[in-house]
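Below is one structure; the comments refer to it alone.
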Amino acid sequence: MLDEDGEWEDEETEVMEMCCPFMDYKCWQYINTWIVRPDDSSKSLEHELYDIFSKHMHHGDGISPLLDYGIMSHTWGQSQDSFLQNCSVTTALQELCLDTAPNTAAAVSQGLRKEDLASALFADFQTWTFESPDWYGCWPYKSDSHSEIPIFRSFEVTTNSRPMLLVLPLELLLLILFPLSLTDIIRASSASKSMRQLLTSPGILPLLLRNMVLNPTGALRWIQPCSLVEGEVDKAHEALRTWVIRDVDEQCSPLYTIDFPFVDFVRTCLVESASMKSRRRIWGMIKQVEVLLAQR
């Protein structure tokens, strides 16, 4: 892999040059941090990746049919170098059509101009942000508007309609729910009003999200900063401190404070922050590589 100065880190990693002439240094650090390899791996990670992708790569564009790159498949060029989707979007942007280019139209109506429109343009063209200013590692700061957005609708639930899960001790209930992903939790909450009331309650949902973020195998672990990337931990902690009321030691992550607002923060990362949504996409691709390694 290339280091921050554009040089190969060691001779062993040069084997990847045949497969991928350039890999972003930060992405390589994320691979080393996020990927879980089989215990019986005898080869280095660089050689394993080369073995997998060297025979399954579209020459010239660096695209592999083994991976789902997300919304990149909607672009004409099938790569991150071009995000022109189709003429209808271009025309819609010129006319500020709310149906086809809603994000840009809304941004313009809010008074945003020039570079401030970048995130909205990328969203309407169904592409992603990746390059400077550090689109995939910029944690959102707390703003007053976040607390005004309702997360889930509340329902009145009678005693007779309470789910059986509710009679379980909290410790046992959490052991059942912790392995589930956020998507699984939302789907389960749609089963009935009582399940929605249980799974989205202030006493359960924050604990589930906390586990997804802080657990080494959690589905939202990508929200944590990567210690291998220089300066990322400090940058993340600076933003995270704005979400808590109490003073937090500079050496400690605000994510570990007992009153950290996981519901509001996770929603902001998943819905509002272009940087964190791009980070999530990279996490998803690395998890796909993890599956390929496990299948070898």
Side-chain angles (χ1 to χ4, degrees), residues 26-27 29-30 33-34 70-71 102-104 106-107 110-124 126-152 181-183 185-186 200 202 205-215 218-227 229-250 252-286:
K26 290 185 178 180
C27 282
Q29 300 298 355
Y30 292 139
T33 301
W34 291 340
I71 49 182
N103 297 285
T104 304
Q110 293 171 9
L112 300 181
R113 297 294 185 272
K114 298 182 178 180
E115 64 271 11
D116 294 332
L117 293 173
S119 296
L121 285 167
F122 290 151
D124 283 330
Q126 297 186 37
T127 186
W128 66 89
T129 50
F130 185 83
E131 297 297 339
S132 181
D134 201 4
W135 289 102
Y136 53 98
C138 186
W139 283 258
Y141 285 71
K142 171 69 174 178
S143 69
D144 295 336
S145 62
H146 294 144
S147 59
E148 301 173 358
I149 303 175
I151 305 301
F152 293 100
S181 67
L182 182 57
T183 301
I185 295 297
I186 294 176
T200 63
L205 184 58
L207 293 178
L208 297 178
L209 295 177
R210 177 186 176 88
N211 179 72
M212 293 179 197
V213 173
L214 301 182
N215 193 305
L220 298 177
R221 189 163 64 92
W222 53 270
I223 288 179
Q224 291 196 61
C226 175
S227 60
V229 178
E230 183 179 359
E232 185 165 290
V233 172
D234 292 337
K235 182 179 4 179
H237 288 183
E238 179 182 341
L240 293 170
R241 289 191 194 98
T242 65
W243 290 83
V244 294
I245 299 176
R246 68 179 67 187
D247 293 333
V248 181
D249 188 279
E250 293 186 359
C252 299
S253 171
L255 291 172
Y256 286 88
T257 59
I258 193 172
D259 56 351
F260 189 84
F262 278 97
V263 175
D264 291 339
F265 180 72
V266 169
R267 183 197 181 281
T268 301
C269 291
L270 295 176
V271 179
E272 299 179 12
S273 172
S275 173
M276 298 308 286
K277 286 191 289 185
S278 185
R279 187 181 181 89
R280 182 189 185 190
R281 185 188 67 85
I282 295 173
W283 160 272
M285 293 175 61
I286 291 176

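Residue indices begin at 1 and follow the sequence shown. Keep in mind that the numbers below use all heavy atoms, side chains included, and drop hydrogens, waters and symmetry copies.
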Review point. Under a 4.0 Å N-O cut-off, is there an ion pair linking Glu272 with Lys277?
Key: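 Salt bridge between Glu272 and Lys277, a charged N being under 4.0 Å from a carboxylate O: no.
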
Drop me the distance from [X]'s [atom1] to [Y]'s [atom2], to the nearest 0.5 angstrom.
X: Arg241; Y: Cys252; atom1: CZ; atom2: SG; answer: 9.0 Å
X: Gln224; Y: Ser253; atom1: CD; atom2: OG; answer: 6.5 Å
X: Ile223; Y: Ser273; atom1: CD1; atom2: OG; answer: 10.0 Å
X: Leu214; Y: Phe260; atom1: CG; atom2: CZ; answer: 9.5 Å

Taking [Y]'s backbone N and O only, do any of them form a donor-acceptor pair with [X]'s side chain (distance below 3.5 Å, no angle check)?
X: Trp243; Y: Pro140; result: yes
X: Trp283; Y: Ser278; result: no
X: Thr242; Y: Lys142; result: yes

Exercise for review: Please step through side-chain contact (heavy atoms from CB on, under 4.5 Å) for the pair Leu255 and Phe262, ending with a clear verdict.
Suggested key: CA-CA 8 Å; Leu255 291 172; Phe262 278 97; 4.0 Å; yes

Study note, to complete from the structure: Residue set satisfying side chain to side chain contact (heavy atoms under 4.5 Å, CB included) with Thr183, at least two apart, ordered chain then number -> Ser181, Arg187

Exercise for review: Could you list the residues that satisfy side chain to side chain contact (heavy atoms under 4.5 Å, CB included) with Ile286, not counting sequence neighbours?
Suggested key: Tyr30, Ile31, Trp34, Ile35, Ile282

Within a strict 4.5 Å, meaning less than it, do heavy atoms of the [X] and [Y] side chains meet?
X: Met276; Y: Trp222; result: yes
X: Trp139; Y: Pro225; result: yes
X: Asn215; Y: Arg221; result: no
X: Val213; Y: Phe265; result: no
X: Tyr141; Y: Glu238; result: yes
X: Leu270; Y: Leu182; result: yes

Exercise for review: Using side-chain hydrogen bond (donor to acceptor under 3.5 Å, both in side chains) as the criterion, list what pairs up with Thr257, not counting sequence neighbours.
Suggested key: none

Review point. After noting the C-alpha distance and the side-chain angles of Arg279 and Glu232, does the key distance pass the salt bridge (Lys or Arg N to Asp or Glu O under 4.0 Å) rule?
Key: CA-CA 13 Å; Arg279 187 181 181 89; Glu232 185 165 290; 2.9 Å; yes

Exercise for review: Step by step, work out the side-chain contact (heavy atoms from CB on, under 4.5 Å) result for Leu209 and Ile185.
Suggested key: CA-CA 10 Å; Leu209 295 177; Ile185 295 297; over 6 Å; no

Revision key, fill the gap. For Pro261 and Val244, the nearest pair of non-hydrogen atoms, with its separation, is CD-CG1, 4.5 Å

